[in-house]
Amino acid sequence: MADVERILTAVRAACLALPEVVERPSHGSPAWFVRGKKTFVTFADRVHGDPHTAIWAAAPPGVTAELVAAEPARFFVPPYVGHRGWLGLRLDLAGEDAIDETELAGIAADAFRAVAPKTLARLLDA
């Protein structure tokens with residue numbers, strides 16, 4: 001089993017590095033919000049019968065279907081928010097399926113861009 005605290009620390013660092021992000025619990029799990037209002041990433045540690053530690057992240061249109069089709073061992077359509085285009089990413093996999101922190105930061109930034117006001121999202125490109 002993967003070290004959940006280590007994974008949560010990596011997710012927290014990737015999300016809190018983005019501008020005007022706050023963390024607070026949502027539905028019993030850590031979640032990150034743009035300006036305290038819009039969720040862009042939720043931490044999901046073995047929720048709803050899923051045996052994995054994962055994140056659910058907002059995603060640009062079409063990205064979820066593409067990634068799930070390409071890498072179904074790592075990516076999935078999360079319950080409750082998947083119908084809105086959100087992406088699930090398993091973080092407790094080993095070997096070549098394991099996530100690295102650079103990839104995690106990129107997914108968090110893409111999720112941020114998907115929900116943040118355009119003026120705030122542009123700060124990532126500055």
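We count residues from 1, following the sequence as given. Since the structure is predicted, the reported quantities are computational estimates derived from the model, not experimental observations.
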- [ ] Identify whether Val34 and Val81 are in the same connected component of the hydrophobic contact network (ILVMFWY, side-chain heavy atoms under 4.5 Å).
- [x] no

Using a 4.5 Å cut-off on heavy atoms from C-beta on, say whether the side chain of Leu67 contacts that of Phe76. no

Within the 4.5 Å heavy-atom criterion, are Tyr80 and Trp56 side-chain neighbours or not?
yes

Do Val11 and Val22 share a hydrophobic cluster (ILVMFWY, side-chain heavy atoms under 4.5 Å, transitive)?
-> no

Between Ala108 and Val41 the two heavy atoms that sit nearest each other are CA-CG2, 4.5 Å

key: Pairing of Arg74 and Glu103 as salt bridge, 4.0 angstrom limit   = yes

Closest heavy-atom pair, Ala98 versus Leu93, reported as atoms and distance to 0.1 Å, is CB-O, 3.2 Å

Of all heavy-atom pairs linking Ala111 and Ala57, the shortest is CB-CB, 3.9 Å

Scanning both residues in full, the closest heavy-atom pair of Val47 with Ser29 reads CG1-OG, 4.5 Å

| said: Test side-chain contact (heavy atoms from CB on, under 4.5 Å) on Trp32 and Leu16; report intermediate values, then the result. | reply: CA-CA 8 Å; Trp32 292 269; Leu16 292 177; 3.8 Å; yes

>> Side chains of Cys15 and Phe112, heavy atoms from C-beta outward: is any pair under 4.5 Å?
In response: no

What one should report as the nearest heavy-atom pair of Phe33 and Phe40 is N-CE2, 3.9 Å

Any side-chain heavy-atom pair of Pro78 and Leu87 under 4.5 Å: no

_Could you check whether any side-chain N or O of Arg90 sits under 3.5 Å from a backbone N or O of Thr53, counting only pairs where one atom can act as donor and the other as acceptor?_
no

Q) Is there a donor-acceptor pair closer than 3.5 Å between any side-chain N or O of Thr64 and the backbone N or O of Trp86? A) yes

_Using a 6.0 Å cut-off, check whether atom NE2 of His48 has over 12 heavy atoms from anything other than its own residue._
yes

**Request:** For residues Arg12 and Phe43, determine if any side-chain heavy atom of one lies less than 4.5 Å from a side-chain heavy atom of the other.
**Result:** no

*asked:* Could you check whether any side-chain heavy atom of Thr42 comes within less than 4.5 Å of a side-chain heavy atom of Ile55, counting everything from C-beta outward?
replied: no

Nearest heavy-atom approach of Ile107 to Leu89 is CD1-CD2, 3.4 Å

Interatomic distance, CG@Leu123 vs CG@Leu18, rounded to 0.5 Å, equals 10.5 Å

Separation between NZ (Lys38) and CG (Leu120), nearest 0.5 Å, reads 11.5 Å

* Asked: Does CD in Glu20 sit with more than 12 non-hydrogen atoms of other residues, nucleotides or ligands closer than 6.0 Å?
  -> yes

| query | Less than 4.0 Å between a side-chain N and a carboxylate O, is that true for Arg113 and Asp125? | reply | yes

Taking C-beta and beyond as the side chain, do Pro117 and Arg35 meet within less than 4.5 Å on heavy atoms?
yes

Single-linkage hydrophobic cluster, 4.5 Å side-chain cutoff, Val115 and Val63 together
yes

